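Structure, as structure tokens:
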There are 2 protein chains.
Amino acid sequence: MEGIERSRKRSRQREEILAVLRSTKEHPTAAMLHTAARRRIPRLSLGTVYRNLDVLEEMGLVLHIRNGNAQDRFDGDVSPHYHFVCDACGAVLDMPLPYRPELDEAAAREGFRVRGHRLDFHGTCPACSKP
Amino acid sequence: MEGIERSRKRSRQREEILAVLRSTKEHPTAAMLHTAARRRIPRLSLGTVYRNLDVLEEMGLVLHIRNGNAQDRFDGDVSPHYHFVCDACGAVLDMPLPYRPELDEAAAREGFRVRGHRLDFHGTCPACSKP
DNA sequence: GTAGTTGCAAACATTTTGCGTTGTT
DNA sequence: AACAACGCAAAATGTTTGCAACTAC
């Protein structure tokens, strides 16, 4: 018993949110996206931002980076990659290291059915390291 | 300019919360700890659980696993180790793989000041994999 | 006696949802 | 015409905090 197909209709709001997300490397929060997208769609509501981020995630166009107490972040780059989180300022940066499938293989050897992994480095980002 | 020293007084609540946390491998949420610890301290409040988890984390006795929208989890095992998160039931299990310092070294070579990393595998846990 | 700790309840911050309306197909 | 998506505001969720009473030292 599969879920029924869901036909999507396009909307200016969804396209604008995706465009903003793809135009930045900052891994913005929902609130940041709301602020940015409202420059072009002033009546855009925050609820619509959240709803569309869900839809875009389901479509595989957006990565939802869940972060505990801090606000969640969103990433328009859906290729497998790692992040660096700054302990000082909270920024999320891309980490230019290749994905390591051997980690998944090692985990699978322990008897887990593994789909993938998430790897976040933490420390002090270049900007915050400056004296 | 460092923060001033803070003298701690012991409390039954804090000891009970730590005892519960150390007695399980389930990486409980604050609410689970509240429920469990109330078996012995019926008037224990959820606020006290959160306050003590903060204190215990600051003391280095507890690991706070921040998880985005899902409730945060807590771990009485503070040695560096990895987790497996089940996509189906949400359980958090320990992953018996050694910590890989070479990942931090690779990240440091990219110019980051790295303190460590967090690695979560995801997939289907043994219990949910059973037919 | 001093200052950390508690229970309680109210406050917070973020995310989700219900509803009547609008827009896309 | 059907129904996805909208804006808005209210609700839900998880966590934090103010305060007066209590407790360890």
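Note that the coordinates shown come from a computational prediction; the quantities given were computed from them, not determined experimentally.
Atoms CG (A/L56) and P (D/dA5) sit 10 Å apart, rounded to a whole Å. Here the P atom of nucleotide D/dA9 and the CG atom of A/L44 are 14 Å apart, to the nearest Å. Whole-Å rounding puts the A/R66 CZ to D/dT15 P distance at 15 Å. At whole-Å resolution of the value, CZ in A/R14 and C1' in D/dG7 are 16 Å apart. Note: CD (A/E15) to C1' (D/dC6) measures 15 Å, nearest angstrom. The CZ-P distance, from B/R38 to C/dG7, rounds to 10 Å in whole Å. Put simply, CE on A/M59 is 12 Å from C1' on D/dA5, counting in whole angstrom units. Distance, A/Q71 CD to C/dA13 P: 10 Å, rounded to whole Å.
Applying the 3.5 Å distance criterion, the base of D/dG18 shares a donor-acceptor pair with the side chain of B/R51.
The side chain of B/S45 sits closest to C/dG7 out of C/dG4, D/dC6, C/dG7. Checking D/dC6, D/dC8, C/dG7 against every side-chain atom of B/R43, the shortest atom distance belongs to C/dG7. Distance from the side chain of A/I41 is smallest for D/dG7 among the nucleotides D/dG7, C/dG7, D/dG14.
Nearer the 5' end of DNA chain D, as judged by each residue's closest nucleotide, is the contact made by A/V55, out of A/V55 and A/P42.
The shortest side-chain heavy-atom distance between A/D94 and A/D75 falls under the 4.5 Å cut-off. Between A/L93 and A/P126 there is a side-chain heavy-atom pair separated by less than 4.5 Å. At least one side-chain heavy atom of A/R8 sits under 4.5 Å from a side-chain heavy atom of A/R14. With contacts defined as side-chain heavy-atom distances shorter than 4.5 Å, the pair B/T24/B/M32 does not qualify.
Aromatic ring pairs are classed by plane angle as parallel below 30°, tilted from 30° to 60° and perpendicular above 60°; the pair B/F121 and B/Y82 is perpendicular.
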Contacts table for residues 107-115 of chain B: side-chain donor-acceptor under 3.5 angstrom, sequence neighbours left out:
{"from": "B/R115", "atom 1": "NE", "to": "A/D87", "atom 2": "OD2", "distance (Å)": "3.1"}
{"from": "B/R115", "atom 1": "NH2", "to": "A/D87", "atom 2": "OD2", "distance (Å)": "2.5"}

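Nucleic acid contact for A/N52: sugar-phosphate only, since backbone atoms but no base atoms lie under 4.0 Å from a heavy atom of the residue. Among the atoms of the strands shown, base atoms are found under 4.0 Å from some heavy atom of A/L46.
Residue A/Q13 places at least one side-chain N or O closer than 4.0 Å to OP1 or OP2 of D/dG7.
To the nearest 0.5 angstrom, B/R66 atom CZ is 15.0 Å from B/R73 atom CZ.
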Enumerate the protein-to-nucleotides 23-25 of chain C contacts in which both atoms are nitrogen or oxygen and the separation is below 3.5 Å.
{"from": "C/dG23", "atom 1": "N2", "to": "A/K9", "atom 2": "NZ", "distance (Å)": "3.3"}
{"from": "C/dT24", "atom 1": "O2", "to": "A/K9", "atom 2": "NZ", "distance (Å)": "3.3"}

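Residues from residues 16-33 of chain A that place a heavy atom under 4.0 Å from any atom of DNA chain C: there are none.
Proximity of the aromatic rings of B/Y50 and B/H34 is defined here by a centroid distance below 6.0 angstrom, and this criterion is not met. Between B/F74 and B/H27, the ring centre distance reaches or exceeds 6.0 Å.
Both B/F84 and A/L119 are members of a single hydrophobic cluster when ILVMFWY side chains are connected at heavy-atom separations under 4.5 Å.
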